[in-house]
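Values in this document were obtained by computation on a predicted structure and should not be read as measured data. Note: hydrogens, waters and symmetry copies are ignored here, and every other heavy atom, side chains too, is used.
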Amino acid sequence: MAKKYTHAMDAGEFMAQLAQDEDYQRRARIAEADRQRRGEERRRAQVPIAEALSKAGYPIKTIWTMESEYDRYPGALPVIMEHLEKGGYPGTVMGKLARLMAVKDARPYWDRLRALYETHIDEPQLAEGLADALGRSAGKEQFDGLVELLRDDSRDDVRVMFISEIIRIGREQGWKVIESVADDPVLGKEASYRLHQRDLRRRAKARRDARRNR
């Protein structure tokens, strides 16, 4: 049975007791072994992706450094999209590949990203990455599609990620969309917060204008 620890202990005493707790140490060893296993699995899974990106002119050791090493990487997007559609990688890798498509240069791939988003319902890391990509890569021509995705209640919380992008693209039309979902059980909290912040900015601007016109 695991030992109980009180809040009265200082940090040193707490760590010392944990070091003597065999059950805690056993669980810690299992957790560390699992972390290392998953890290190695992720490292191996990235090898073919990194090799393909290197051939495309983007030499990297890990896809996690792509954004820090390259401000823009339009020539890498076909490779990233190919591996996204191929699939079969660990969830963390798939999610990261999707987020690498969250750039303006990925706009030509928007319909293909949407197709992936609509078919990978049970893969949360990939779904979140694709939602990020769909929002950030979208332009005016994708506005209606983004609104459709926002209102698709089969996707639950991930839809919240579209709110800021709908405002960015649609402006006043976007605000009308956000007003229409203010009472939605999933979207309502974020929509109401955005609307409240908008109203605060408008009131502040009205006060500044009034002072200037005195």
Side-chain angles (χ1 to χ4, degrees), residues 45-46 48-58 60 62-181 184 186-187 190-191 194:
Q46 292 181 66
I49 305 172
E51 290 177 348
L53 287 169
S54 294
K55 290 179 181 178
Y58 300 88
I60 57 170
T62 167
I63 59 175
W64 266 263
T65 65
M66 191 73 186
E67 295 134 303
S68 60
E69 294 187 30
Y70 301 97
D71 293 332
R72 293 181 66 241
Y73 41 90
L77 296 178
V79 175
I80 297 169
M81 192 70 221
E82 176 187 349
H83 285 273
L84 259 178
E85 291 178 324
K86 174 185 175 183
Y89 299 104
T92 51
V93 174
M94 292 295 290
K96 182 60 181 179
L97 285 173
R99 289 183 186 277
L100 288 174
M101 300 295 289
V103 292
K104 183 178 179 180
D105 288 325
R107 193 166 297 170
Y109 300 92
W110 200 86
D111 288 337
R112 290 164 66 182
L113 290 167
R114 178 175 180 173
L116 285 175
Y117 173 83
E118 291 179 330
T119 54
H120 289 75
I121 296 175
D122 299 323
E123 301 172 52
Q125 291 171 310
L126 176 56
E128 288 184 12
L130 288 168
D132 189 34
L134 286 165
R136 292 179 184 271
S137 68
K140 290 182 179 180
E141 59 271 30
Q142 287 81 35
F143 178 77
D144 290 341
L146 212 55
V147 173
E148 290 173 2
L149 294 177
L150 178 76
R151 290 177 169 155
D152 178 5
D153 60 9
S154 68
R155 302 315 297 261
D156 294 332
D157 293 356
V158 74
R159 294 181 292 144
V160 173
M161 299 174 69
F162 298 130
I163 288 179
S164 61
E165 306 305 334
I166 285 173
I167 295 169
R168 170 182 64 82
I169 299 167
R171 299 182 182 274
E172 285 306 312
Q173 186 181 2
W175 282 116
K176 290 179 181 178
V177 172
I178 304 312
E179 289 170 354
S180 74
V181 298
D184 184 276
V186 174
L187 305 172
E190 178 67 14
R194 297 278 182 167

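Judged by distance alone, the side chain of Tyr58 and the main-chain N or O of Gly75 form a donor-acceptor pair under 3.5 Å. Gln46 places a side-chain N or O within 3.5 Å of a backbone atom of Ile63 that can act as its donor or acceptor partner. Distance alone, capped at 3.5 Å, is enough to place a donor-acceptor pair between the Gln142 side chain and the Gly139 backbone. Side-chain N or O atoms of Arg168 include one that pairs as donor or acceptor with a backbone N or O of Gly135 at under 3.5 Å.
The two atoms that bring Leu130 and Ala98 nearest to each other are N-CB, 3.5 Å, heavy atoms only. Met66 approaches Ala76 most closely through the heavy-atom pair CE-CB, 3.5 Å. Heavy-atom minimum distance, Phe162 versus Leu149: CE1-CB, 3.7 Å. Closest non-hydrogen pair, Trp110 versus Ser137, comes out as CD1-OG, 3.3 Å. Summarising the geometry of Leu146 relative to Leu134, their closest heavy-atom pair is CD1-O, 3.9 Å, with the distance given to 0.1 Å. Summarising the geometry of Met161 relative to Ala131, their closest heavy-atom pair is SD-CB, 3.9 Å, with the distance given to 0.1 Å.
For the atom pair Leu97 CG and Ile49 CD1, the distance stands at 4.5 Å (nearest 0.5 Å). Interatomic distance, NE2 of His120 versus CD of Gln125, reported as 13.5 Å (0.5 Å rounding). Taken to the nearest 0.5 Å, the CD atom of Glu179 stands 14.5 Å off from the CZ atom of Arg194. Rounded to the nearest 0.5 angstrom, Leu77 CG and Glu82 CD are separated by 13.0 Å. For the atom pair Glu128 CD and Arg155 CZ, the distance stands at 10.5 Å (nearest 0.5 Å).
Among residues two or more places apart in sequence or in another chain, the side chain to side chain contact (heavy atoms under 4.5 Å, CB included) test is passed with Thr65 by Ile60, Thr62, Ser68, Glu69. The side chain to side chain contact (heavy atoms under 4.5 Å, CB included) search around Asp153 returns Arg159, not counting sequence neighbours. Scored by the side chain to side chain contact (heavy atoms under 4.5 Å, CB included) test, Arg136 finds Ala102, Asp132, Glu165 as partners (sequence neighbours excluded). Every residue two or more places apart in sequence or in another chain that forms a side chain to side chain contact (heavy atoms under 4.5 Å, CB included) with Glu67 is listed here: Tyr73, Lys96, Leu100.
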Using distance only, find each side-chain donor-acceptor pair of residues 111-118 under 3.5 Å and give its atom names and separation, not counting sequence neighbours.
unit_1: Arg112; atom_1: NE; unit_2: Glu85; atom_2: OE2; d: 3.0
unit_1: Arg112; atom_1: NH2; unit_2: Glu85; atom_2: OE1; d: 2.7
unit_1: Arg114; atom_1: NE; unit_2: Glu118; atom_2: OE2; d: 3.0
unit_1: Arg114; atom_1: NH1; unit_2: Glu148; atom_2: OE1; d: 3.3
unit_1: Arg114; atom_1: NH2; unit_2: Glu118; atom_2: OE2; d: 3.4
unit_1: Arg114; atom_1: NH2; unit_2: Glu148; atom_2: OE1; d: 2.8

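Between Met101 and Ile80 the shortest side-chain heavy-atom distance falls below 4.5 Å. Side-chain contact between Glu190 and Leu187 is absent, with no heavy-atom pair separated by less than 4.5 Å. Leu126 is listed as a side-chain neighbour of Leu84, based on a closest heavy-atom distance under 4.5 Å. Here the side chains of Arg151 and Val177 are in contact, with some heavy-atom distance below 4.5 Å.
Applying the ring-ring contact (aromatic ring centres under 6.0 Å, His included) test to residues at least two apart or on different chains, the pairs with a partner in residues 76-102 are His83-Tyr89.
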